[in-house]
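Read through the structure below, which is laid out as structure tokens, and then see the notes.
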Amino acid sequence: MRIVVLAGGIGGARFLRGLKAAAPEADVTVIGNTGDDIHLFGLKVCPDLDTVMYTLGGGINEEQGWGRADETFHVKEELNAYGVGPDWFGLGDRDFATHIVRTQMLEAGYPLSAVTEALCDRWKPGVRLIPMSDDRVETHVAVTLEDGERRAVHFQEYWVRLRASVPAEAIVPVGAEQSKPAPGVLEAIAGADVILFPPSNPVVSVGTILAVPGIREAIAEAGVPVVGLSPIVGDAPVRGMADKVLAAVGVEATAAAVAEHYGSGLLDGWLVDTVDAGTVERVEAAGIRCRAVPLMMTDLDATAAMAREALALAEEVREA
Ligand code: FO1
């Protein structure tokens with residue numbers, strides 16, 4: 001079975017670990033969000049690609065869900081001692097090596113998709129990991145700061161430095177309109193048996209991938225079941241601050257509203273948590289087949305069970 005997954009960072013990576021346990025024989029292609037990418041200290045950092053690569057490759061810091069295990073921060077401390085920032089973004093020494101290799105290869109002329117493949121040669125994530133695009137796309141967030149100044153900040157500045165403490169007034173994936181899907185993205189979608197949206201952020205993760213011209217259309221036209229898992233459980237994000245960015249696009253932070261936001265033109269099936277069983281009817285009324293199952297990724301078994309439910313719902317859609 002060929003499965004395509006559109007993944008953001010932590011939620012996507014943890015779901016993928018469950019999917020691999022649930023379907024060890026499946027051929028999984030992951031289309032990774034690169035809207036969170038940031039240039040720091042002359043280096044290209046790709047947080048979501050790295051989170052997937054480290055999580056599936058066994059190098060992730062399990063408590064944080066991002067960055068490397070057994071990490072130290074000497075380089076960052078030294079940079080900060082020279083007054084070179086930002087000091088709010090935690091790049092560790094081991095992680096720095098990944099960004100150095102990536103930047104060297106990009107500067108040598110390799111596209112990000114080829115660089116990601118080379119990095120995965122080391123980590124062997126057991127999936128094919130492709131960035132959504134080789135072109136630069138950067139998510140910016142329009143905010144009004146406490147002093148009344150209106151500014152567009154990089155997504156990482158909004159997420160990490162500001163901790164989403166001010167309302168996101170608009171989310172703009174800068175460069176998306178001019179970007180093209182990376183080599184292999186459209187082919188993977190066209191060749192998929194099932195397409196899954198993990199419980200990743202629907203606006204700044206899956207939404208950014210869908211903003212690359214051609215990807216949304218290819219999924220809608222693939223003619224295979226498209227099944228998503230709600231990142232919202234009981235009207236709050238399972239983790240992260242998805243509610244803050246949902247407000248910016250006028251979507252309420254509920255499992256049903258996120259399904260409607262994707263829409264029946266894209267989604268065939270949607271899983272909500274058992275606490276949201278009351279919304280199944282509303283989602284089905286929107287033309288999306290819906291089931292309520294436990295959606296907390298507390299451990300590998302629970303996450304694998306979620307992946308099995310998603311695949312079972314896909315089969316139900318296929319047979320309908
Ligand atoms: N998240 C934080 O909350 N604080 C950090 O300092 C931070 C650093 C960081 C470095 C590398 C990396 O790959 C991820 C990092 N993240 C950090 C996670 C990241 O900001 C976001 O969670 C994702 O971009 C959203 O998917």
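Predicted model, so just to flag it, every value in this text is computed and none were measured. Whatever order the structure lists them in is the order used to number ligands and atoms, beginning at 1.
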>> List the residues meeting ring pair (Phe, Tyr, Trp, His ring centres under 6.0 Å) with Tyr54, not counting sequence neighbours, and say none if there are none.
In response: Trp123
>> Using every non-hydrogen atom in the two residues, find where Ile31 and Ile209 come nearest and quote the distance to one decimal.
In response: O-CD1, 3.4 Å
>> Closer than 4.0 angstrom, basic N to acidic O: yes or no for Glu309 and Arg291?
In response: no
> Taking the inter-plane angle between the rings of His140 and His154 on a 0 to 90° scale, is it parallel (under 30°), tilted (30 to 60°) or perpendicular (over 60°)?
Replying inline: tilted
Just list the N/O pairs, ligand 1 to protein, that are under 3.5 Å apart, with the distance for each.
from, atom 1, to, atom 2, distance (Å)
ligand 1, 1 (N), Trp66, NE1, 3.4
ligand 1, 3 (O), Arg163, NH2, 2.7
ligand 1, 6 (O), Gly90, N, 2.7
ligand 1, 20 (O), Gln156, OE1, 2.6
ligand 1, 24 (O), Asp36, OD2, 2.8
ligand 1, 24 (O), Gln156, NE2, 2.9
ligand 1, 26 (O), Asp36, OD2, 3.2
ligand 1, 26 (O), Asp48, OD1, 2.8

>> Checking one residue: Ile10. Which other hydrophobic residues are in its cluster under the side-chain 4.5 Å linking rule?
In response: Trp66
> salt bridge (charged side-chain N to carboxylate O under 4.0 Å, His left out) with Asp135: which residues, sequence neighbours excluded?
Replying inline: Lys180
